[in-house]
Amino acid sequence: MTVDVAVGGTVLGEPGVEHRPSLSPSRAADFKTCPLLYRFRTIDRLPEQPTFDQARGTLVHAVLERLFDLPAADRTVEQAAALVEEQWQRLLEQQEELTGLFAEGEPPEEFLTSARSLLGGYFAVEDPRRLDPAERECLVTTEVDEGRLVLRGYVDRLDVSPAGDLRVVDYKTGGAPREAFEARALFQLKFYALVLWRTRGVVPRVLRLLYLKDAEACDYTPDVEELTRFERTLIALWAAIQKATADKDFRPRPSRLCGWCAHQALCPAYDGTPPPFPDLREIPGSAITVDAPD
Ligand code: SF4
């Protein structure tokens with residue numbers, strides 16, 4: 001049997017990107033955290049105004065990516081701080097939604113200062129003059145479950161040692177207590193590790209989370225058994241997403257993460273009412289035909 005269902009985490013309309021049903025770590029983590037949150041973001045596609053913390057995170061990621069374009073000797077904390085304003089102007093030109101964050105599009109000095117402070121946290125745990133990243137902001141993608149599920153995501157940084165060992169690095173810039181998001185962060189890194197293992201045949205040696213606010217690095221070493229189990233988990237998750245979509249049944253799952261949810265006003269757990277479930281066939285490109293779960 002086939003039914004029309006929404007794609008899970010597929011980035012539709014993105015130039016140069018394959019438009020097949022795919023799962024990203026963010027959307028997979030959304031469904032795990034709260035199925036209704038997944039629906040709001042992926043199926044209803046409700047807009048979310050970036051928060052101060054999210055905008056600052058985008059800015060810091062942009063600076064760290066640009067930093068490695070500089071000759072190694074120039075990758076200093078002063079150079080990084082000097083890139084902050086330039087990168088913010090570039091982001092404002094590229095991402096319209098950021099312009100509404102501050103009056104007349106001008107960030108308060110506090111915003112730029114806090115971004116520089118996070119960069120200081122980065123330099124406290126790594127010396128970029130001694131690093132030569134193999135890739136930055138790189139798209140990684142693979143198929144699992146005999147091609148029935150495509151996994152895709154963007155890795156902040158990938159380091160490859162002369163011996164061929166992979167280190168996946170993810171920068172965490174959030175202002176919230178990191179304990180609230182730690183499980184989600186590790187889930188994301190395992191997701192990348194699985195994709196890299198499947199595409200390159202090598203299990204990454206290290207998964208590194210860099211918490212810039214705390215100036216702390218957390219390293220984790222995955223193994224084949226764990227990634228094999230993780231792959232099964234993702235396949236089961238995808239089946240659950242397909243079933244929820246076919247049944248139009250995405251339930252709220254309140255947790256402490258509700259404090260960071262932009263959609264509380266529409267959530268039954270907070271006396272809200274979700275919008276009617278969209279007719280996916282009326283949203284160009286958002287409905288696809290897949291095998292329905294049993
Ligand atoms: S408020 Fe909480 S329960 Fe409701 S949709 Fe958001 S994350 Fe889910």
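When a ligand or atom number is given, it counts from 1 through the structure's own listing order.
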**Report entry** Residue and atom name of the nearest protein heavy atom (relative to atom 2 (Fe) of ligand 1), distance in Å to one decimal
**Finding:** Cys258 SG, 2.3 Å
Requested in this report: Quick one: look up the protein heavy atom nearest atom 4 (Fe) of ligand 1 and list residue, atom name and how far away it is.
Outcome: Cys267 SG, 2.3 Å
Query raised in the report: Has Gln94 got more than 12 heavy atoms of other residues, nucleotides or ligands less than 6.0 Å from its CD?
Result: yes
Query raised in the report: Taking everything shown except Arg205 itself, do over 12 heavy atoms lie less than 6.0 Å from its CZ?
Result: no
Requested in this report: Output yes if Cys34 passes the N/O/S-under-2.8 Å test against atom 8 (Fe) of ligand 1; output no otherwise.
Outcome: yes
Can you list the ligand 1 atoms lying under 4.0 Å from a non-hydrogen atom of [X]?
| X | result |
| --- | --- |
| Pro254 | 3 (S) |
| Tyr270 | 1 (S) |
| Pro252 | 3 (S) |

Any salt bridge between [X] and [Y], counting N to O under 4.0 Å?
| X | Y | result |
| --- | --- | --- |
| Asp249 | Arg39 | no |
| Asp156 | Arg208 | no |
| Arg90 | Glu65 | no |
| Arg116 | Glu109 | yes |

Query raised in the report: Could a heavy atom of Gln264 be found less than 4.0 Å from some atom of ligand 1?
Result: yes
Query raised in the report: Picking from Glu216, Gln188, Glu182, what satisfies side-chain hydrogen bond (donor to acceptor under 3.5 Å, both in side chains) with Lys172?
Result: Gln188
Report task. Give the contacting part of Arg253 toward ligand 1: side chain, backbone, both or neither, where contact means a heavy-atom distance below 4.0 Å. Result -> backbone
Query raised in the report: Would you say Cys261 has an N, O or S atom lying under 2.8 Å from atom 4 (Fe) of ligand 1?
Result: no
